[in-house]
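Chain identifiers are assigned alphabetically (A, B, ...) following the order of the sequence lines, protein sequences preceding nucleic acid strands; residue numbering begins at 1 within each chain. Model, not experiment: these values are computed from the prediction.
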Amino acid sequence: MLILGIDTSCDDTAASVVEDGAKIISNIVSSQDEVHKKYGGIVPELASRRHIEMILPVVDEALKKAGITFKDISAISVCKGPGLIGSLLVGVCFAKSLSFVHNIPLVAVNHLEGHVFSSFLNGVNPEFPFLALIVSGGHTSLYRVDGFGAYKELGRTRDDAAGEAYDKVAKLLGLGYPGGPIIDHLAQEGTPDAIDFPRAYLPGTSDFSFSGLKTAVKIEVEKIGRLEAEKRLLTSQPLRFSTPAVLNDIAASFQSAVIDVLIGKTVAAAKEQRLNSIALSGGVSANKSLREKITEHAPKEGIKVFLPPLYLCTDNAAMIAAAGFYHFKTGQLADFTLNPEAYLHL
Amino acid sequence: MKLESRNEAETKEIGRRVGRQLKPGDVVCLYGELGSGKTTMVKGIASAFGIDERDITSASFTIIAEYKGATPFYHIDLYRVETERAGELGLDEYLGKGVSVVEWAERAGEEIPEGSIKVRINYAGENARDIIIEGLRLNEID
């Protein structure tokens, strides 16, 4: 059974054909990085305009790569949120039109549910129940997953998402955007315990907080005293450190603080919930050090780790098609009254 | 008026007091360095509109976060916006409709309507902050 997935929740236009919720036949992602790079982030108005231009060619290519036509599709699965409302609208309107014109059933999928399902496209699936950590530029959340459609939020960030902390610290250090890969790269050359940045464990909850860490990096950078902080904040001029080693150490120490908290809280939640599998997803789950450390640490606690391949960590429509397959199989269809929602919990 | 906050909780409480004075159409501009507590202040302001503070997180990623309610609440964060590009955001679609709180408002350039309320948060120590409010008078007992 073939499902066509469509995701336009943020800045990537994505379409994919997936067989039986598990096998990727085609997976097309058109990145808007070039459009937004000059702004150092995503501009909602520009993102939705770009989706309008790209949605048709991207869906066409997904079908062409799969070597199929609309006649072969059993259902269209579209992301209904959370995300940027103008971006979501493009995908939802397009999917509704396709469904109407070609008379194909429509299903609507929560973007976060899609991320959970990215673990089911890798050949080896986690067994229910398991713990899902979704960690990206927009989300940092923990869910208990008892089965398809059975999710319980255990915690989420109270301020910045982990990926956002990377972007902000990268900007503070005069590095580029997106900050994750750049900091991850520098960190490989630095000493993780050079600076003892705070780790917000928020005992008694499974919530996260990365805002204080960002503030601590800022204060530390000023303490190092290699620049005029005020001027930099006003002009966004890049920092000039006397040696690259200092920058590498800040990157490594910051990254180690983020990863310690992510792994510490995720493993603690798994133990508390008596879950012996953890599935990671979202853009930050592509982080090299996070992948290495959790793969090394969690098994010591008797917990198995499931990591999606890198191309399924970031936004994609294969995960929407995979989740949509289970909606379709259980008869959860959407109709033409479907509207996207910017804020949706799972 | 100038207020002193000793910690995050006090910043949030000042935010709540600001929120209680606001009426539909008001625009609150927040100024302060990275980590000064702008999002914390927004949590406080939003709580006066019945929004759970857990639901207010950083809006840097999406730039505009919209909360439906009796009075629509817009949390706008221009951290990543270049001033000369602010006109392309369509801020006029939001500002003045419900209650808008704008972080990094200095980057909005001329998009900020006249008569907006200004709240400036300055570092006064690692946790302490000075909060300067213009265009709004807080009740002594609230």
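- In this structure, A:K218 and B:Y123 have side chains that are in contact, with non-hydrogen atoms separated by less than 4.5 Å.
- Heavy-atom pairs under 4.5 Å with chain B peak, among A:L84, A:D159, A:I85, A:T157, at A:D159.
- Ranked by non-hydrogen atom pairs under 4.5 Å with chain A, the options B:D55, B:I56, B:T40 are led by B:D55.
- No part of A:D11 comes within reach of chain B, as not one of its non-hydrogen atoms sits under 4.5 angstrom from that chain.
- B:T39 does not touch chain A: none of its heavy atoms, backbone or side chain, sits under 4.5 Å away.
- The heavy-atom pair separating A:R156 from B:R54 by the smallest distance is NH1-O, 3.1 Å.
- The minimum heavy-atom distance linking A:K168 with B:S58 is given by the pair NZ-OG, 3.4 Å.
- Note on B:E8 versus A:R158: no salt bridge recorded, every NZ/NE/NH1/NH2 to OD/OE distance being 4.0 Å or above.
- The heavy-atom pair separating B:L34 from A:L172 by the smallest distance is CD2-CD1, 3.7 Å.
- Under a cut-off of 6.0 angstrom, the local environment of CD in A:E53 is crowded, with over 12 non-hydrogen atoms contributed by other residues, nucleotides or ligands.
- Between the CZ atom of A:F208 and the OG1 atom of B:T57 there is a distance of 14.0 Å, given to the nearest 0.5 Å.
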